[in-house]
Every structure is written in C-alpha cells, then in structure tokens.
Number of protein chains: 2
Amino acid sequence: MITRYTADFVLTCDEDMSLVPGGAIDVADGRITRVGSSEGAPPADRVEHLGGLIMPGLVNTHAHTPMTLVRGAGDGLPLLRWLNEVMWPREGRMTPEDAWWGMTLGAAEMLASGVTTTCEMYLFEEAVIEAAAAAGIRLMMSPGIISALDDAGGNRLGEVVAAHTRYHDPGGTVAVGFGPHSAYDLGIERCGEIAAAARDLDALLHIHIRETREEGADLEAANGGRGTVEMLAGAGVFDGRVLAAHSVWLDDTDIEIYAGHGVAVAHCPISNMKLASGVARVADLRAAGVTVGLGTDGPASNDTLDLWQEIKTAPLLARVASHDASALSPADAIAMATIEGAIALGYDDLGALLPGYRADFIRIDLDRPEMTPVTSPEELIAHLGWVGSGKAVTDVWVGGRQVVCDRDVVGIDVGRALHEVSTRGARLARESGT
Amino acid sequence: MITRYTADFVLTCDEDMSLVPGGAIDVADGRITRVGSSEGAPPADRVEHLGGLIMPGLVNTHAHTPMTLVRGAGDGLPLLRWLNEVMWPREGRMTPEDAWWGMTLGAAEMLASGVTTTCEMYLFEEAVIEAAAAAGIRLMMSPGIISALDDAGGNRLGEVVAAHTRYHDPGGTVAVGFGPHSAYDLGIERCGEIAAAARDLDALLHIHIRETREEGADLEAANGGRGTVEMLAGAGVFDGRVLAAHSVWLDDTDIEIYAGHGVAVAHCPISNMKLASGVARVADLRAAGVTVGLGTDGPASNDTLDLWQEIKTAPLLARVASHDASALSPADAIAMATIEGAIALGYDDLGALLPGYRADFIRIDLDRPEMTPVTSPEELIAHLGWVGSGKAVTDVWVGGRQVVCDRDVVGIDVGRALHEVSTRGARLARESGT
C-alpha cells in the first residue's frame with residue numbers, strides 16, 4: 001500500500017539540496033518509493049495533502065539524553081568543578097528508571113522539534129533503548145564505557161557486546177554501537193581493544209576526541225609528545241567505523257588521519273561554546289573530505305535538544321571565527337543535520353528523501369512571520385537554516401509511522417514525563433546535596 | 001482600578017534578579033503598583049491567575065524591522081556585494097506602505113516572542129511609528145540619517161526634528177530619537193551637528209560605531225590615525241544620551257571613553273557572527289561600567305526578531321571567545337535583554353517589575369520539556385537564559401494592555417501581514433532584478 005504525502009515544497013537533502021515545488025513523496029512499508037512532482041504522478045492508495053514543506057527528519061549525532069534529569073544544574077561553574085561538584089554527584093545517583101524517564105522526556109523534545117534519529121552515548125543502555133522504542137524515535141545507542149567501570153572489576157565490554165547481540169536491529173529503529181568515553185579516560189590500549197570488538201561486529205565506535213585544549217596532556221606527555229589522534233590511529237582505533245564527537249582541537253595531521261581513515265565527526269557548536277571548549281575546524285574538515293554531522297551534546301551543556309539551534313549556530317560560529325561571511329552556508333548546515341549526519345552514523349539509506357530511503361520525514365509550517373517572504377528557492381533554504389526551529393515543525397514520521405501529529409507527540413504521555421523528570425531531578429539534587 | 005496578575009514565579013529583573021515564588025504584580029493605569037508574594041496582599045479590584053512565570057517584556061535595542069521585506073536575501077555573499085548587489089537595490093524600491101507592512105509583520109514576530117519594546121533605526125519614520133502604534137509595541141524610533149539623503153539636498157535633519165516634535169510622547173508608547181548612520185558614512189562634523197540637535201531636545205542619539213574591522217579606515221587615515229571613537233568624542237557626539245550599536249572593534253581607550261561619557265551599547269551577537277564582523281568585548285564593557293543591551297539588528301542579518309536567541313548567543317559567544325565558561329551568565333544576558341536594555345534607551349521606569357515601572361510584562365509557560373526539571377531558583381533562571389524562546393511565551397502586556405493573548409497577537413491581522421509581505425517582498429526582488 002502506497003501513501004502519498006504532498007506539500008508546497010519537498011526539500012530532498014540530496015547532494016544538490018534539491019527543492020521540489022508542488023512535490024510529493026510516496027511511502028510504502030516504511031520506505032520512500034518515489035519523490036517528485038505531484039503532477040503526473042502514478043496513482044497511490046492514499047493521499048495526504050500536507051501543504052507546507054516536507055524534508056528529512058533531523059539526525060542528532062551526539063547526545064547524552066538522560067541528562068535531561070540534570071539540565072541546567074551548576075551553570076557557570078568552571079568545567080572541572082561543574083563535573084565534580086554537581087554533574088557526577090547527581091548522575092551517580094541515577095537509577096535505570098530515572099534514565100528511562102529522562103530519555104523519554106528528551107525523546108519528546110527531540111521528536112516535537114523534528115529530530116527523528118539520535119545517537120546516544122550513555123550508561124543504562126536497556127532503559128535508553130526501551131524508552132526510545134516506546135517513543136518511536138530512531139536510535140543509535142552507544143553504551144558508554146568508562147575507566148571507573150573497568151576499574152570496578154566488572155566486564156563492561158562484555159555487557160556492551162551483549163547489548164549489541166540483544167538489541168541491534170539495523171532493519172528496525174534500534175542500532176547498537178560501542179561508546180568508549182575517550183582516550184584520556186580509558187587509555188590508548190583499552191580504546192584499541194574496544195575498537196577491535198566493535199570492528200568484529202561491524203558496529204559503530206562512538207568516542208569523544210579532543211574536546212578541550214587541555215585534555216590528554218598527561219597521556220601525550222607520557223608518550224613522548226605523540227598526539228592523541230596519532231596514537232589512536234596507531235592502535236587501530238580508526239580501522240572500523242568511527243564517529244568522533246567534538247574534535248575541536250585537531251591539527252592538520254589529525255585532519256589528514258581522520259580523512260584517510262574515514263573517521264566522521266559529530267560537531268556540537270553550542271556545547272563547545274557554552275563550556276568554552278573552543279571552535280572546531282568544520283570548514284577544514286569538510287574540505288578534507290571528512291563527514292561532519294551535528295550534535296546537541298547532553299542537555300546539561302546546551303540546554304536543549306532542538307537540533308535547529310545547531311543548524312543556526314554552526315555557520316554563525318564558523319563565520320565569526322574565520323572572519324568570512326561565506327564560511328558555511330545554511331544549506332551546508334541543513335545537510336550536516338540530515339544526510340551527512342546519517343552517513344556519519346553509518347546509514348546509507350537515511351537522511352534524505354530518495355527512493356529506497358527510510359521514510360523519516362517532517363512537515364514544516366511555512367506560514368510564519370520569520371519564514372516570510374520567500375522570493376527564491378535559495379531564500380527558502382536560507383530561512384530554514386537561519387530561523388527554522390522546533391516551533392515550525394508540526395508533524396513527524398519515523399519509518400513511515402507518524403509519531404508527531406499536529407505538534408502532539410503521539411507515543412509519549414508528556415504530562416507524566418514532565419512530572420516524573422521534575423520529581424526525579426529534584427531527588428537527585430536533594431540526595432547529592434548539590 | 002487595580003488588576004492583580006498571579007504566577008508560580010515572578011522574575012523581577014531588578015538588580016538582584018529576584019525570583020518570587022507564588023508572586024503577583026498589581027497594575028493600575030499602565031504602571032506597576034505592587035510586586036511581591038500573592039499571600040497577604042491587600043485586596044485588588046480584579047485578579048487574573050496566570051500560573052507560569054511573569055517577567056518584564058524584552059527590549060530590542062537595535063533593529064531595522066522593515067527589512068523583514070528583504071529577509072534572507074543574498075545570503076552567503078561577502079558583505080559589500082551583499083549590500084550593493086541585493087540589499088540596497090531591493091530597499092531602494094521600498095515605499096512607505098511597504099515599510100508599514102514590514103514593520104507590522106516584524107512587530108507581530110516580536111510581540112509573539114515577548115519583545116515589548118523595540119529601538120528602530122530606519123527611514124519611513126511615519127510608517128514605522130504608525131505601524132508600531134497600531135500593533136501595540138513600545139517604540140524608540142530613530143529616523144535614519146544617511147549621507148545620500150544629505151547629498152540629495154533635502155533637509156533630512158529638519159525632518160527628523162519634525163518627527164520628534166510630532167510623535168515624541170515619553171508618557172505613551174512612542175519616543176523619537178535621532179539615527180545618524182555612522183561616522184564613516186556621514187563624517188565626524190556632520191555627526192557632531194546631528195548630536196547637537198538631539199541634545200537640544202534631550203533625545204537619544206542612536207548610531208552605528210565600529211561594527212567591522214575595516215570600516216572607517218579612510219576616515220582615520222585622513223585624520224592622522226585618530227580613532228573613530230576619539231574623534232566622535234572630540235566633536236561632542238557623546239555629550240548627550242548615546243546608544244552605540246555593535247561597537248565590536250573597540251580598544252581600551254575607546255571603552256574608557258564610552259564609560260566616561262555614559263555611552264550605552266546595543267550588542268548584536270548573531271548579526272556580528274552571521275556577517276563575520278567580529279566579537280564585541282561585552283565582559284570588558286560591563287566591567288568598565290558601560291550599559292550593554294541586546295539587539296537583533298535587521299532581520300536580513302539574523303534572520304529573526306526573537307530576542308531570546310540573543311539571550312542565548314551572547315553568553316555562548318563571550319564564553320568561547322574568552323575560553324572562560326563563566327564569562328557571561330544567563331542571568332546577565334536576561335538583564336541585558338530587559339532592565340539594561342531599557343536603561344540603554346534612556347528609560348528609568350522600564351525593563352523591570354518594580355513599583356512605579358511601566359507594566360510591560362510577559363507570561364512564560366514552564367510546563368515544557370526544555371524547562372524541566374527545576375531544582376533551584378538559579379536553575380530556573382539558567383533555563384530561561386539557555387532555552388527560553390518565543391515558543392514559551394503565551395501572553396504579553398504593554399503598558400498594562402494585553403497585546404498577545406494565548407499566543408494570538410491581538411492587534412495585528414497576521415494572515416494579512418504575511419500575504420502583504422510575501423507579495424511586496426517578491427515585488428522588490430522582481431523590480432530590482434536581484
């Protein structure tokens with residue numbers, strides 16, 4: 001059965017960022033079967049006239065969504081005090097049920113703002129996966145691996161392999177990768193072991209690299225000044241599919257290594273600004289052929305999961321940092337938030353509206369002051385990039401299934417989730433005395 | 001007659017950024033008569049239980065709102081080509097009626113997002129003033145003065161004085177200042193003449209200063225290398241009430257001059273980033289005692305008039321530029337968008353909820369995923385700063401009169417305004433061949 005969705009415009013997010021006026025997409029069995037003009041299209045079984053603009057759902061390439069429970073806590077403290085005095089004491093008291101509610105509320109926020117896929121790095125993988133599945137959001141789960149768990153003597157890597165075995169379902173909405181925190185936390189050798197395990201399963205390795213200027217200084221000094229990226233490459237960490245979050249402090253050699261190994265980057269401009277981490281070399285990375293997606297990072301360092309803000313902020317930051325008003329275009333940023341983000345996560349059938357691709361798409365209301373006027377296709381795309389926001393998203397589909405209907409998140413009791421996260425977040429604050 | 005508005009929280013935006021749980025404000029004759037706890041308050045004639053959070057309306061200190069008609073045009077072109085090839089050809093074909101509709105649509109966008117005062121620099125002052133009055137937004141109008149008009153032989157300064165005489169009504173919603181474009185456009189001597197005329201009327205002088213690194217190089221070279229700020233001070237330009245937009249490229253001496261003369265700054269971080277102008281020294285300015293407000297700039301360099309985005313972006317930019325995660329707090333940014341912005345425009349009874357102040361206030365819905373949880377007053381203020389947005393604003397009052405009711409802009413036919421700006425914006429593009 002083919003359902004056709006028609007709109008005033010279809011933005012495909014293909015390589016040419018094609019915009020089809022009076023366009024339509026046909027969907028069957030969760031996949032797109034046709035994209036093009038409504039006129040002259042063959043008959044469909046059912047037609048929904050949506051109006052507005054249809055585009056692919058957004059892909060959030062780096063998040064720690066259960067941190068909704070600690071949103072906004074300790075703001076303004078310097079980074080290490082923020083982590084030691086507020087974040088970790090609160091997070092250390094989190095239960096799987098807390099994580100489930102935190103993920104649920106975050107999924108509601110993402111879906112309502114048009115994010116249809118999220119790549120998560122966190123503990124409590126079962127709770128996160130089950131919450132995402134219940135919410136109907138597509139998930140790339142990277143269960144976190146940190147040295148504290150290794151040191152505690154458990155078999156964390158075995159748990160992650162088990163989660164992959166149990167939940168990884170590439171044809172469905174859940175995929176499972178590996179989430180080693182970082183070289184500076186785990187050491188190079190341990191990162192190499194985890195990468196080998198991920199490679200054996202052809203799974204994504206999702207790791208923080210070079211977020212701050214200071215991190216890894218001890219590690220590098222202990223290794224004769226060799227850079228973190230060079231050491232990771234030497235340990236084979238980049239031999240499989242790798243997503244490197246942040247990657248703010250890269251030198252030219254690091255960028256060459258990324259490009260040579262096909263390492264993709266999750267760029268998180270708002271988090272990098274809020275925590276004063278620095279300015280990632282996005283234009284240089286893209287020029288070198290590195291795939292760059294966009295990520296919100298955790299809600300405690302943003303503090304929202306509305307990826308439209310990254311679509312706006314990435315060009316703003318690239319432009320002011322380079323003193324070049326053409327450094328990164330809104331169309332580039334939209335591509336990074338859709339097709340390039342999907343590629344960064346390892347999908348070859350997601351993030352664009354093309355025949356055979358997964359039917360993850362959103363409807364944008366164009367009858368809004370901030371979207372007016374439109375005097376050319378380029379202007380419409382510029383509007384989307386500069387002033388697109390969750391408030392313009394009215395309807396959302398994941399795998400052909402409608403999950404947001406006229407701004408209502410169908411699969412989540414948002415009122416209950418607000419109550420649960422309020423209560424549980426307050427408990428974490430109280431119990432931790434922060 | 002006293003009307004009491006109660007809320008779960010009242011954020012006063014006074015010097016201590018006080019937050020009153022279970023608070024209320026009393027309003028009579030367009031002014032606030034009492035602020036405090038709902039409990040134990042004396043009787044009022046009428047009580048509206050609003051719930052949520054009440055705070056002062058936002059103050060946009062620098063805008064060219066009729067440029068809604070050219071929103072998004074020519075994006076990605078380098079600055080001078082952008083102005084010469086797209087902006088000026090389109091703006092040059094604008095009629096007063098176009099400006100009226102552009103201002104009307106922009107006022108709808110501002111009011112709906114909680115901006116209750118806007119400081120405009122533009123031509124077509126009659127149209128802008130009349131559109132603002134019809135919309136119900138508070139306006140500080142600074143009719144633009146540019147060399148092209150002086151060169152054409154008219155008496156532009158006389159027109160601005162006449163507009164002041166006719167429309168300036170400090171007790172009402174319209175005030176009129178003077179808007180000389182810049183020293184590099186008009187020359188120092190002409191700026192001095194205009195400043196003297198403004199001073200005679202105790203009116204605000206609203207001028208662009210040091211927006212880009214390159215501007216004014218010819219002017220400075222012709223004057224033995226003396227800086228623009230120093231020359232303006234020497235010509236008496238800062239002897240009255242002055243609002244300096246942008247002020248990105250200031251050295252320490254310039255900042256001392258601003259502080260010594262009480263020059264206020266309209267900081268426009270998004271415009272400065274989009275056009276790659278640079279990073280204003282906000283922390284240094286504030287440390288020197290300079291009043292700094294926030295501005296959207298024109299919608300063609302932003303491309304929205306939702307000042308919440310500046311509230312978020314100002315700390316983000318200050319932090320990443322200084323590598324200091326505590327450089328500017330969300331509370332600082334909220335103060336800049338309210339009380340400090342009002343002071344920058346010369347009001348001493350606007351921008352805070354205090355007895356005797358004008359009753360410009362907004363209601364924020366707190367039952368939203370991005371605002372949850374709240375475990376302390378500091379967290380609530382942090383949420384407002386980081387994730388506040390037009391989508392959380394439900395109701396707006398200006399001078400005690402409700403102008404937005406449950407997200408509906410009462411005084412504007414938004415559908416008509418969308419149609420008019422669409423049609424007129426397209427005409428400007430077509431006629432200018434851009």
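Letters go in sequence order (proteins before strands), and every chain restarts at 1.
Of the possible donor and acceptor atoms, one in the side chain of T68(A) sits under 3.5 Å from a partner among the backbone N and O of G102(A). Side-chain atoms of W100(A) never come within 3.5 Å of backbone atoms of T95(A) as a donor-acceptor pair (strictly under, hydrogens ignored).
Residue E97(B) places its CD atom among 12 or fewer non-hydrogen atoms of other residues, nucleotides or ligands, all under 6.0 Å distant.
From W308(A), atom CH2 reaches atom OG1 of T313(A) across 13.0 Å, with rounding to the nearest 0.5 Å. From L384(B), atom CG reaches atom CD1 of I311(B) across 8.5 Å, with rounding to the nearest 0.5 Å. H64(B) NE2 to T118(B) OG1: the interatomic distance, rounded to the nearest 0.5 Å, is 10.0 Å. With rounding to the nearest 0.5 angstrom, the CG atom of L111(B) is 4.0 Å from the CD1 atom of I137(B). In this structure, CZ in R81(B) is found 4.0 Å from CD in E85(B), a value given to the nearest 0.5 Å. Distance check, rounded to the nearest 0.5 Å: CZ of R281(B) to OG of S322(B) gives 12.0 Å.
Residue-level contacts of residues 269-279 of chain A with chain B, in order of numbering, are I270(A), N272(A), M273(A), K274(A), L275(A), A276(A), S277(A), G278(A), V279(A); threshold 4.5 Å between heavy atoms. Residues of residues 420-427 of chain B having a heavy atom under 4.5 Å from any heavy atom of chain A, listed by number: V421(B), S422(B), G425(B), A426(B). Contacts with chain A (heavy atom to heavy atom, under 4.5 Å) involve these residues of residues 407-416 of chain B, listed by number: V414(B).
With salt bridges taken as basic N to acidic carboxylate O contacts below 4.0 Å, none links D332(B) and R319(B).
If you tally non-hydrogen atom pairs under 4.5 Å between each of R71(A), R368(A), H323(A) and chain B, the highest count goes to R71(A). Highest contact tally toward chain A, considering only L305(B), D303(B), I381(B), is held by D303(B) [criterion: heavy-atom pairs under 4.5 Å]. Interface summary for chain A: among R430(B), M371(B), E379(B), the most heavy-atom pairs under 4.5 angstrom belong to E379(B). For chain B, the option among T375(A), L380(A), T372(A) with the highest count of heavy-atom pairs below 4.5 Å is T372(A).
Here the side chains of H246(B) and D297(B) are in contact, with some heavy-atom distance below 4.5 Å. Side-chain contact between P315(A) and W386(A) is present, with heavy atoms from C-beta onward closer than 4.5 Å. A heavy-atom distance below 4.5 Å is found between the side chains of M67(A) and M87(A).
Between T296(A) and N302(A), the shortest heavy-atom distance links the atoms O-ND2, 2.9 Å. Closest approach of P299(B) and T65(B) over heavy atoms only: CG-O, 3.9 Å. When every heavy atom of D306(B) is checked against every heavy atom of T304(B), the shortest pair comes out as N-OG1, 3.1 Å. Contact record, L69(B) with A99(B): CD1-N, 4.2 Å, taken as the closest heavy-atom pair.
Contact of A429(A) with chain B is made through the side chain alone, with heavy-atom distances under 4.5 Å. Interface remark: S326(B) contributes backbone and side-chain atoms alike to the contact with chain A (heavy atom separation under 4.5 Å). In this structure, chain A has a heavy atom under 4.5 Å from the backbone of D324(B), while its side chain stays farther away. Neither the backbone nor the side chain of E378(A) comes within less than 4.5 Å of any heavy atom in chain B. When heavy atoms are compared at a cutoff of 4.5 Å, L317(A) approaches chain B by way of both its backbone and its side chain. Looking at R90(A), the atoms closer than 4.5 Å to chain B (heavy atoms on both sides) all sit in the side chain, from C-beta outward.
Residues passing the ring pair (Phe, Tyr, Trp, His ring centres under 6.0 Å) test with H383(B): none are found, sequence neighbours excluded.
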